[in-house]
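The structure appears right after this line, and notes come after that.
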Amino acid sequence: MVSDSDIIEYAYKNALRGNALDRETVIALLEIRAESVAAGKLGEAARKVAAEITENSGRVWASIGVDYAPCPVSCHFCSFGEQWGVVREEYRWSTAEIVDLAKKFLYGGAKWITLRTTEYYSLAELTALAKQIRQTIPGNYGIVANTGELTDQTARLLMSSGVSVIYHSLRLREGIDTGLSIKSRLETLAAVQASPLDLAFLVEPVGSEHTSAELADAFLTAMNYDASLTGVMARIPVPGTPLGHIPVVSERRLAQIAAVTRLAAGCNAPDICIHPASLLALEWGANVVVVEVGAIPRDTGNSKKEWNNFDLETAFTWFKQADYKVDRGV
Ligand code: SF4
């Protein structure tokens, strides 16, 4: 019988050779009990691979939720879902407010600025925002658009406006817990893949209801569409949404999933993100954390204050504790 140690050793060597991992082994790693000693060994192996693949660099993804508004797609986990009635007063952050936040985060050491919108936010306004940020703030940072569905044409339009990365995923139980079809999500992923834009695609939103096979398939879809950043994001139970009563997965399980994505991606996706941020996950091979403000689909608030009190200062303290150096965008 193959032991957990054998599987971890195989995955570790495979990752150092730069190779992606097969589905069966990804599932076997995810099936290791998160509370076990073996999960700790998995985390240690993933952290060593992170040091090799990232040149030991931690990076901050600063995300600005642009529009606090009901979204007719009404995904079962999202506070913006129109059907759930959680968002009562709409608010759209102005260009000046967004540029000020982008300055704060980029001059503070973030590597990416993400403009996150609800599904049908105006593309013209999004491209104008990206242009304004590029014109105002010089530097070697990424602008990420996390918005609705894209075509080849709209993906290129975003790119010509200064966007360098698209965040998009085939969410867990897409079409069941979301109001969008698998087909439409895959069409957007194909448009991004066909463009020169980078793709960021996390396994999300992970809850205790998801099996290891579902997590593995989401991760492998990210790899099939050439994601250069992957990792894991938890489903945060938002009261009033249909999934709001199912508890969040444990920090250790999330860190384990991050570790598995690190080992399974090899050098294909050098950046592994954990959200919400977790020091344990950084110690287990994730190298990207998210600081977010504004409209947040995982909560009911809408403010300039960092979500969960996780700010740049805390991110850098945790990177230091996990022995990463910081890669800044400006
Ligand atoms: S997750 Fe996105 S598409 Fe779904 S309801 Fe929320 S904003 Fe709309």
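In listed order, ligands and their atoms are each counted from 1.
- Within the structure, salt bridge (charged side-chain N to carboxylate O under 4.0 Å, His left out) contacts touching residues 162-179 (residues at least two apart or in different chains) are R171-E174, R173-E214, E174-R185.
- Screening residues 228-240 for side-chain hydrogen bond (donor to acceptor under 3.5 Å, both in side chains) gives E209-R235 as the qualifying pairs, with residues at least two apart or on separate chains.
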Can you give each donor-acceptor pair under 3.5 Å made by side-chain atoms of residues 105-114, sequence neighbours left out, with the distance rounded to 0.1 Å?
{"from": "K111", "atom 1": "NZ", "to": "N140", "atom 2": "O", "distance (Å)": "3.3"}
{"from": "T114", "atom 1": "OG1", "to": "W61", "atom 2": "NE1", "distance (Å)": "3.1"}

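- Distance CG/L229 to CD1/I272: 7.0 Å, rounded to 0.5 Å.
- With a 6.0 Å radius and a threshold of 12 heavy atoms from other residues, nucleotides or ligands, K325 has its NZ atom above the threshold.
- Taking a cut-off of 2.8 Å, the protein N, O or S atoms nearer than that to atom 8 (Fe) of ligand 1 are C71 SG.
- Applying the 6.0 Å contact sphere to NZ of K304 captures more than 12 heavy atoms from other residues, nucleotides or ligands.
- By the criterion of a heavy-atom distance under 4.0 Å, the side chain of R171, and not its backbone, is placed next to ligand 1.
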